[in-house]
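Ligands are counted one by one from 1 in listed order, and the atoms in each one are counted from 1 as well.
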Amino acid sequence: MLNVPSQSFPAPSSQQRAASGGRSKVPLKQGRSLMDWIRLTKSGKDLTGLKGRLIEVTEEELKRHNTKDDCWICIRGFVYNVSPYMEYHPGGEDELMRAAGSDGTDLFDQVHRWVNYESMLKECLVGRMAIKPTIPKGMLPKTQVTDTLTKEGPGSPSYDWFQTDSLVTLVIYTKQKDINLDSVIVDHQDDSFRAETIIKDYSYIIHIGLSHEIQEDFSVRVIENVGKIEIVLKKKENTSWKRLGHPLENHNSLIPKKDTGLNYRKCQLISKECVTHDTKLFCLMLPPSTHLQVPIGQHVYLKLTITGTEIVKPYTPVSDFLLSELKEPVLNNKYIYFLIKIYAAGLFTPELDHLQIGDFVSVSNPEGNFKISQFQELEDLFLLAAGTGFTPMVKILNYALTNIPSLRKVKLMFFNKTEDDIIWRSQLEKLAFKDKRFQVEFVLSAPTSEWNGKQGHISPGLLSEFLKRSLDRSKVLICICGPTPFTEQGIRLLQDLNFSKDEIHSFTA
Ligand code: FAD
Ligand code: NAP
């Protein structure tokens with residue numbers, strides 16, 4: 001539903017506007033970009049028809065507002081008049097009308113729960129539901145949550161704490177074996193301490209208002225074979241704590257990950273370097289009071305306030321392993337790198353590009369459905385990337401070449417418009433020279449006459465030649481990422497070539 005609209009992204013003639021299958025975008029009329037919407041919301045115009053009054057909305061009242069000219073939608077207990085937004089919705093009016101006069105929370109979450117509708121639709125807020133239509137699962141009383149989980153999810157984790165004169169150690173018992181440092185995200189802001197442990201599709205949350213002050217930095221240790229996490233906090237004063245603190249929202253609860261909401265922290269821009277004519281490597285530093293590692297194949301959301309409205313876009317962190325010959329290796333996990341293409345006509349990327357070193361950007365918890373277990377016993381890894389669709393491939397490549405003993409070969413087919421658009425070309429060529437298991441092929445859709453490599457778009461011919469298994473029955477994984485129609489077409493071609501669903505991983509929002 002409430003997708004982040006864009007002025008002309010993809011460009012009006014682009015195939016991206018007519019993605020077949022899945023969620024399709026529709027062309028927006030002139031003057032209906034996100035920027036135009038932001039301007040309208042700032043114009044002082046009464047968008048609800050209620051002259052700024054907030055009302056309590058009954059279910060009957062909500063149901064009555066079900067036409068395009070008078071359309072109310074409830075999201076998480078708040079009711080919005082979305083009629084003025086209709087023409088700005090990139091998913092189209094019909095898509096928005098699916099939730100007309102009803103609770104659209106589930107529909108919204110299915111499509112893009114990350115979109116910051118509170119900020120985008122704040123001028124359309126009509127009020128709250130008089131009676132909450134549904135209670136989100138995360139808000140269920142603890143006993144009910146646990147009951148549900150024992151049937152569907154992991155067994156209940158628990159926590160404990162102990163102290164010495166100078167330290168407080170919080171111990172989380174996950175009762176799972178596949179827990180590692182990526183599984184836990186810890187933030188300490190003011191006196192609020194929050195640790196979210198990802199256990200399969202659930203989050204176990206410790207959220208406490210600490211009883212005493214602690215120092216900024218802390219350490220996190222995982223004892224993998226027993227699934228135990230130890231977070232060691234440094235006391236500011238060497239006094240004995242009688243209690244850890246008071247519980248805050250969702251404390252000591254295990255809730256489906258999709259219901260946890262995106263948690264943000266402010267990260268500082270440390271450096272910004274040109275990689276191609278339009279793509280830059282951004283390095284952000286996490287605050288000392290955060291522990292966060294983005295798992296392979298996952299993305300985060302970056303948030304900036306643009307003319308008073310919070311705008312959120314997804315980006316996939318890369319590692320700097322391809323640059324390691326040029327740079328000092330980074331010894332701590334405080335830095336997150338992003339390769340980001342700046343679109344002159346874009347809403348978010350020019351704003352990001354204008355940030356100065358030392359400025360802040362909010363970074364969310366990671367999301368994504370790539371699983372390291374997909375690498376188990378893997379022999380052949382094929383990577384199909386177009387443009388910045390290369391970003392998830394960076395960490396995958398690094399991990400595969402260093403951690404999969406069964407691996408025989410990794411091949412990257414990298415689609416770009418021109419030679420100037422190829423990200424980290426010489427680094428990739430060097431890697432192929434150094435590690436004989438790795439091969440890279442560049443395919444250009446708009447090459448100059450000097451180009452004597454492969455040309456064109458993703459096609460059956462290119463793929464059947466490229467996707468040769470090293471052995472007849474070798475275990476294969478194909479990862480694909482790029483503009484949505486590229487990815488969708490690629491998946492269709494791979495299925496035509498008889499690769500199974502389990503052998504294909506596509507990266508999407
Ligand atoms: P928009 O306002 O959305 O676009 C407006 C203008 O930008 C258009 O006029 C058009 O000219 C131009 N434009 C935008 N995209 C394209 C395109 N593909 N082709 C042609 N023209 C275009 N991007 C990265 O650079 N690095 C990443 O690591 C990355 N990771 C992502 C991860 C996920 C899961 C997803 C779904 C997307 C990712 N993206 C990444 C894309 C990113 O989220 C934004 O869509 C992109 O940065 C454009 O944002 P914008 O607001 O600047 O442009
Ligand atoms: P781009 O430069 O516009 O395109 C890269 C290559 O893909 C070009 O050769 C282009 O050919 C080709 N291409 C574009 N549309 C195609 C289609 N419909 N069928 C076949 N080939 C097509 O790409 P970009 O601007 O870097 O954009 C990268 C995309 O990747 C963005 O849409 C971004 O959202 C997405 N992305 C997704 C993730 C993720 O989901 N995890 C991560 C990173 C990036 P033409 O010359 O014909 O355009």
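For atom 46 (O) of ligand 2, the nearest non-hydrogen atom from the set S445, P485, G297 comes from S445. Closest to atom 7 (O) of ligand 1 by heavy atom, among Y315, F338, Y343, is Y343. Considering only non-hydrogen atoms, atom 42 (C) of ligand 2 lies nearest to C481 out of C481, A386, P483. When Q489, H457, E488 are checked for heavy-atom proximity to atom 11 (O) of ligand 2, H457 turns out nearest. Looking at K417, H299, E367, it is K417 that brings a heavy atom closest to atom 48 (O) of ligand 2. By heavy-atom distance, the residue among P392, P314, A386, P350 lying nearest atom 41 (C) of ligand 1 is P314.
Applying the side chain to side chain donor-acceptor pair (under 3.5 Å) test to every pair with at least one member in residues 403-415, sequence neighbours left out, gives these pairs: E379-R408. Screening residues 408-440 for ring pair (Phe, Tyr, Trp, His ring centres under 6.0 Å), with sequence neighbours left out, gives F390-F414, F415-F486.
Between I340 and ligand 1, no pair of N/O atoms sits closer than 3.5 Å. Distances between N or O atoms of H299 and those of ligand 1 include no value under 3.5 Å. Polar contact check, P392 against ligand 2: no nitrogen or oxygen pair lies under 3.5 Å apart. Checked against a 3.5 angstrom limit, the closest N/O atoms of T484 and ligand 2 fall outside it.
If you look at T316 next to ligand 1, the close heavy atoms, those under 4.0 Å, come from the backbone and the side chain alike. The backbone of T508, and not its side chain, has at least one atom closer than 4.0 Å to an atom of ligand 1 (non-hydrogen atoms only; backbone = N, CA, C, O). With a heavy-atom cut-off of 4.0 Å, Y315 does not touch ligand 2 at all. Counting heavy atoms closer than 4.0 Å to ligand 2, residue A446 contributes nothing at all.
Within a 6.0 Å radius of CD in Q376, no more than 12 heavy atoms belonging to other residues, nucleotides or ligands are found.
Looking at K68 and D94, a side-chain N of the basic residue comes within less than 4.0 Å of a carboxylate O on the acidic one, giving a salt bridge.
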